[in-house]
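Residue numbers begin at 1 in each chain, while the letters A, B, ... track the order of the sequences. These values consider heavy atoms only, across backbone and side chains, with no hydrogens, waters or symmetry-generated copies.
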Number of protein chains: 2
Amino acid sequence: MGAMTKRTARAEPLSRERIVRTAVELLDTAGARKLTFRALTERLATGPGAIYWHVANKDELLAAATDTVVADAVSVEPGAGDSPREAIRSVALGLYEATEAHPWLAAQLAEQFARRPWGSVAPRVFEALGRQVRALGVPESGWFTATSALMHYVFGVAGQNAANTDMAADLPEGETRTEFLEAASRAWEALDPEAYAFTRAVAGQLRDHDDRQQFLAGVDLVLAGIEASVPGAASA
Amino acid sequence: MGAMTKRTARAEPLSRERIVRTAVELLDTAGARKLTFRALTERLATGPGAIYWHVANKDELLAAATDTVVADAVSVEPGAGDSPREAIRSVALGLYEATEAHPWLAAQLAEQFARRPWGSVAPRVFEALGRQVRALGVPESGWFTATSALMHYVFGVAGQNAANTDMAADLPEGETRTEFLEAASRAWEALDPEAYAFTRAVAGQLRDHDDRQQFLAGVDLVLAGIEASVPGAASA
DNA sequence: ACCTGAACACCGTTCAAGT
DNA sequence: ACCTGAACACCGTTCAAGT
C-alpha cells in the first residue's frame, strides 16, 4: 500500500539483542531448520552483512539464543522454605518446561554443553543444580559427580520429550503426543519376542506414561542415589 | 596412472550396506560436518542419484550409520558370572567407548532417540540395559523409569565427553583433552564469585577428573538410586 | 533394476562499497 | 561505526535419460 512497503516494525534499531530475540522467535515458531540468515534478514529488514557485524556466525547466534532462554529458565529462585530436594526438583522442572516451550532447546543444550563447556550455558545450569546438591549435604568430593549426573539426566530426558513437539512443527503434522507414543508403543510390541523380551514387556509403560511425572520420577531416582552417598542422612 | 584413473576400489558393487559403511568411515575420519553427498559420491565413484536409489535421504543414512555402530557396541554379551550391577556397568562402558571411537555418535544418538524412538536404535539400548535392570530385582512397575534414567545418563555423559574429541578434528586443532579441560576449568575459576560460588568451587574437580572414571561413578550413583527402590536388597 | 549427472532451490559467509 | 547487497563456495535432492 502506497509508499511504505516494508511491513516490519522499524522503530527499533538493529542490535545484537534484537537479532538474538528474533532468532528465538523464529526458532519457536518455525523450528530449528527454518532459522536461516535469509529468514533473519527478511524479518529484520536488512542484509546478511548487518547481522554479521553484530554476531560472529551462526554457531554464536545459536549459543546466544540458548543462553537467553536458559538464563530465563534458571533465574527462578526456589522458595525460601523449600528443602534442597524440593529445590532441585523445581530447578529441574524449570529446565524441563523450558524445553517444552522451546522445542529446539534440548538439542542446543546438548550441543552447547558439549562443544563449549566453558561457555555461559553450562555454568548456569551447573550452578543452579549444584547449590542444592551442596545443601543436600553431599561431601565436597562428590559435588562434581552428583551435579553432573543430575544435569545429564535432565538434559537427556528433556531432549527426548521435546523432540516430539518439534516434530509436530517440523515433520509429519497433526500428530499429537498421544498418537506419537501410541505408534512407538506398537512398534515396540512388534519387535522380535526373543531378542527384545524386555522392551516388549515395557511397551505398555511407554504408551501410558505421563512425560512430566516420568521426568520427576527419574529426578527422584537420581536424588535417591545422591542421598545414598550423604553420610548422616537416612533415606526419605 | 595410464588408462586407469579411478583410484577407488571398484570390485565391490554399490549397495546400501557399502554406502552406510563408507558413511561411517567418512564420519570417523572427517567429522560429521564433512559427511556430504558430494564426498560420498567421490569416495564411491558414482553420482548422487545412485546413492538415492539405495537410501531415502541423509536422515535415513545417518540413522543407519548410527544403528550399525550401536548394534556393534551393544552386541557384547556380559560375562556369564557377572552380577547385574557389573553387567550394567559393562553395557554402559561399551556405549561410552563407542562414542569415544566415533565422536559423531553421541549427537546422533540423542538425535535418533528423540526423533524416532520407534526406530531401531532406542530398542537396542533399552533392551541391553533393561534386561539387567530386571535382573537387579526392580519391580516391573519401575522398569521403564529405571531404564530410562540409566539410558539418559549414559547418553548425556557420552555426548559431553565425545564432543571434545570431535572438536579436535573439527575446530581448533592440536588441543588435547587435558588442555581442553584446563581451559574450561580456568574459565570457571574466572566466573563471578557471588553468582557462581558453587561452580568456582568445583572447577578443580573439572580439571582433574578422569572421564571414564567419572562416567562410571555416575553410573554407580544412578544404580544406587535404582537399588534403593528394590524391595529386599540391602545397599552394597 | 540400477545408475548417470546436470540442474534446482537452497545454504552460511565474505567483502567491496556505501553512509 | 554501522549497514548494503551482490557474489562465492557450497549444500541436499530431483529427474530425465541411459543401460
Side-chain angles (χ1 to χ4, degrees), chain A residues 4-24 26-27 30-66 104 107-108 111-112 115-116 167 170-172, chain B residues 5-6 8-24 26-27 30-66 104 107-108 111-112 115-116 167 170-172:
Chain A
M4 260 186 72
T5 63
K6 294 274 167 67
R7 63 232 145 82
T8 323
R10 57 170 65 216
E12 207 174 345
L14 198 59
S15 68
R16 187 185 158 92
E17 199 227 319
R18 189 154 90 98
I19 293 170
V20 173
R21 200 189 330 132
T22 308
V24 171
L26 224 38
L27 286 163
R33 277 178 176 171
K34 295 286 181 61
L35 176 66
T36 66
F37 276 81
R38 256 75 168 181
L40 222 41
T41 54
E42 212 171 304
R43 275 243 202 178
L44 293 166
T46 36
I51 295 174
Y52 275 92
W53 199 90
H54 294 277
V55 157
N57 50 44
K58 196 178 181 183
D59 278 357
E60 200 201 276
L61 179 59
L62 283 167
T66 305
W104 50 274
Q108 273 308 307
E111 184 97 4
Q112 294 305 321
R115 301 188 90 91
R116 30 168 89 193
M167 284 189 31
D170 213 35
L171 298 177
Chain B
T5 64
K6 292 277 165 69
T8 322
R10 57 167 68 216
E12 206 175 345
L14 198 57
S15 69
R16 185 184 159 93
E17 199 228 317
R18 188 154 89 99
I19 293 170
V20 172
R21 197 187 336 128
T22 309
V24 171
L26 224 36
L27 286 164
R33 277 178 176 170
K34 294 284 182 61
L35 175 66
T36 67
F37 276 81
R38 255 77 168 180
L40 223 40
T41 56
E42 211 170 303
R43 275 242 200 178
L44 292 166
T46 38
I51 295 174
Y52 275 94
W53 199 90
H54 294 278
V55 156
N57 51 44
K58 196 179 181 182
D59 278 356
E60 200 201 276
L61 178 58
L62 282 167
T66 305
W104 51 274
Q108 273 307 307
E111 184 97 4
Q112 294 304 322
R115 302 188 88 91
R116 31 170 86 193
M167 284 189 31
D170 213 36
L171 298 177

Give one of base, sugar-phosphate or nothing for B:L40, where a contact means two heavy atoms less than 4.0 Å apart. nothing
Which heavy atom in B:T41 sits nearest to a heavy atom in B:G47, and how many Å separate them? CG2-C, 3.5 Å
If you look at every heavy atom in A:V20 and A:A64, which pair is closest and at what distance? CG2-CB, 3.8 Å
So what's C:dC8 paired with, Watson-Crick or G-U wobble, going by both distances under 3.5 Å? D:dG12
Is a side-chain N or O of B:K58 found less than 3.5 angstrom from the main chain of B:F37, in a donor-acceptor match? no
Please answer whether the main-chain N or O of A:T22 pairs with a side-chain N or O of A:R43 as donor and acceptor at a distance below 3.5 Å. no
I'd like to know if A:E17 and A:R21 make a salt bridge, using a cut-off of under 4.0 Å between side-chain N and carboxylate O. yes
Map A:W53 and A:P48 onto DNA chain D by nearest heavy atom, then report which one ends up closer to the 5' terminus. A:W53
Quick check on DNA chain D: between A:A50 and B:K58, whose nearest nucleotide comes earlier from the 5' end? A:A50
Student check: side-chain heavy atoms of A:R16 and A:I19 closer than 4.5 Å: no
On a whole-Å scale, what distance lies between the P atoms belonging to D:dA17 and C:dC2? 22 Å
For DNA chain D, which nucleotides open and close the run of contacts to chain A, 5' to 3', at under 4.0 angstrom from a non-hydrogen atom? D:dA1 to D:dA6
